[in-house]
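Single-structure report; data block below.
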Amino acid sequence: MYELLLFAVSIGAGFLGALLGLGGGIIVVPALTLLYNVDIRYAIAASLISVVATSSGAAASYLKDSLTNLRLAVFLELGTVLGAVAGFLIASHIEAKALYLLFAVFLLFSALMMLRKRSEQPSTVNHPWADKLRLDSTYPDDQGVWHNYKVEKVPLGLFVMLLAGVLSALLGIGSGIFKVLAMDGAMKLPIKVSTATSNFMIGVTAAASASAYFLRGDVRPEIAAPVALGIIAGSYLGAKSLSKIPAARIRQIFVVVLAIVSMQMMWKGLK
Amino acid sequence: MKKDSELHRLELAISHFLRWGVLFSAALLAVGWIGQLLQSGDLLANFKHYRPEPMTAIVAKAWTTKDYPILISVVGLAVLVSLPTLRVLLTAYLFIRQRDFYLAAIALFVFAVLMGSFFLGIEIG
């Protein structure tokens, strides 16, 4: 009975995730730990598996609209996978308590980021690395007009990706929020390009630590199977109904929910 | 930018292939999970406290007790975690084909880290 409910919760997580442009991890980890009392280490591992599933399943649709910058994605994956390996090693040495507290901070930060208005300040100059590796590109806007864009501050972007990788492995999330911050914040990419490229990269980031957790035995099939299945189904439904649901309203409600869940995670960590 | 559009087209082909991979693993997970549900009652009660147990031990136990639902689920999960690793390798191949050796080297390095990460799980486990 509880298992069926977990499946239903995971469908909801996938659905909301697709609607709000968040990974399922931000919902799955609190649901497993707070509602099911599952140890946070199993929750993180199961969550990473579902992040791999959604990102790999949707990669084709991110590429199709020509917004994903493949060359930049591969380059930045350098940072996220190395960070993820470091995160896995750190996670092996810290207490579950610290993971709860870190997750609580992450939830609060996500709530703040959801309120942020992303502003576009396209850059006109390339960083030398961007010239060398041809990381700049073109993208079509809503009217179908193509624009050129350049890529600034590549080393800073790579460094933030490293941190994104660490947090992905520590907390069982895709780290899309931090990736987007690196790309349109530091590297001054157009918002649409940075969102699409981030979504495209998430699967590889999550796989870097998911594979280690998997062989260590933290990905328990009893938990990961219903969670991954539910998230795959839910995100498919969410993407389908994207245009029919007032996402802005749900976003406002979700910010409040994140803040409340953050308090609960903090409470659980301090107990 | 003919070269880039060809790259884009090939990467799209890889992504379609990956989507089938996800569906294949989802099918395995569905069969495995339904099997688990039919077999035993409370599947989640045992995970309230963290007790490390390497995947090799989980599989060995399922193998000796002929617990096929668990084995099928594990195969489904293994397929799933391998998909991004496979994608990076295929992308490296695309860059080599285009004689873009910097990006090919980066992709191969990412692939190496991903492979290393599997071993990390065994070492520490």
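Nothing here was measured: the structure is a model prediction, and the numbers come from that model. Reminder, nothing fancy here: chain letters follow the sequence lines and each chain counts from 1.
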With salt bridge (Lys or Arg N to Asp or Glu O under 4.0 Å) as the criterion, how do B:Glu53 and A:Arg216 come out once you've worked through the C-alpha distance, each side chain's angles and the decisive distance to 0.1 Å? CA-CA 7 Å; B:Glu53 187 185 15; A:Arg216 194 169 69 178; over 6 Å; no

A:Leu89 vs B:Leu120, test: side-chain contact (heavy atoms from CB on, under 4.5 Å). Steps then yes/no. CA-CA 9 Å; A:Leu89 294 174; B:Leu120 212 61; 4.0 Å; yes

Go through it in stages, so that I can follow the logic: the residues are A:Glu77 and B:Ile106, the test is side-chain contact (heavy atoms from CB on, under 4.5 Å), and I'd like the CA-CA distance, side-chain angles, deciding distance and then a yes or no. CA-CA 9 Å; A:Glu77 273 162 8; B:Ile106 292 172; over 6 Å; no

Can you list the steps and then say if A:Leu4 with B:Leu37 is a side-chain contact (heavy atoms from CB on, under 4.5 Å)? CA-CA 9 Å; A:Leu4 292 176; B:Leu37 280 181; 4.0 Å; yes

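Heavy-atom pairs under 4.5 Å with chain B were tallied for A:Leu133, A:Thr138, A:Ile40; the largest tally goes to A:Leu133. Among the candidates A:Ala96, A:Ala225, A:Ala233, the residue making the largest number of heavy-atom pairs closer than 4.5 Å to chain B is A:Ala225. Contact tally against chain A (heavy-atom pairs below 4.5 Å) for B:Thr85, B:Leu83, B:Leu77: the top residue is B:Leu77.
Using a 4.5 Å cut-off between heavy atoms, A:Ile232 contacts chain B through its side chain alone, with no backbone atom that close. Residue contact with chain B, scored on non-hydrogen atoms closer than 4.5 Å, is absent for A:Tyr213. When heavy atoms are compared at a cutoff of 4.5 Å, B:Val74 approaches chain A by way of both its backbone and its side chain. Proximity to chain A (any heavy atom under 4.5 Å) is restricted, for B:Phe95, to the side chain, taken from C-beta onward. Proximity to chain B involves both the backbone and the side chain of A:Ala210, based on heavy atoms less than 4.5 angstrom apart. The part of B:Ile58 that comes within reach of chain A is its side chain, from C-beta onward, which places non-hydrogen atoms under 4.5 angstrom from that chain. Neither the backbone nor the side chain of B:Ala62 comes within less than 4.5 Å of any heavy atom in chain A. Both the backbone and the side chain of B:Tyr50 come within contact range of chain A, judged by heavy atoms closer than 4.5 Å.
Formation of a donor-acceptor pair under 3.5 Å by the A:Ser211 side chain with backbone atoms of B:Ser117 is not found in this model.
When all heavy atoms of A:Gly203 and B:Pro84 are compared, the closest pair comes out as O-CG, 3.6 Å. Of all heavy-atom pairs spanning A:Leu229 and B:Ala26, the tightest one is CD2-O, 3.3 Å. Scanning all heavy atoms of the two residues, the minimum distance from B:Leu80 to A:Val52 falls at O-CG1, 3.5 Å.
Put simply, the side chain of A:Asp218 does not reach to within 4.5 Å of the side chain of B:Met55, judged on heavy atoms. Within the 4.5 Å cutoff, the side chain of B:Tyr102 has no heavy atoms near those of the A:Phe75 side chain. At least one side-chain heavy atom of A:Leu82 sits under 4.5 Å from a side-chain heavy atom of B:Phe109.
With values rounded to the nearest 0.5 angstrom, A:Leu70 atom CG is found 8.0 Å from B:Leu103 atom CG.
Of the residues A:Leu48, A:Val219, A:Ile49, the one that meets the side chain to side chain contact (heavy atoms under 4.5 Å, CB included) test with B:Val81 is A:Ile49.
Heavy-atom contacts from other residues, nucleotides or ligands closer than 6.0 Å to OH of A:Tyr149 number more than 12.
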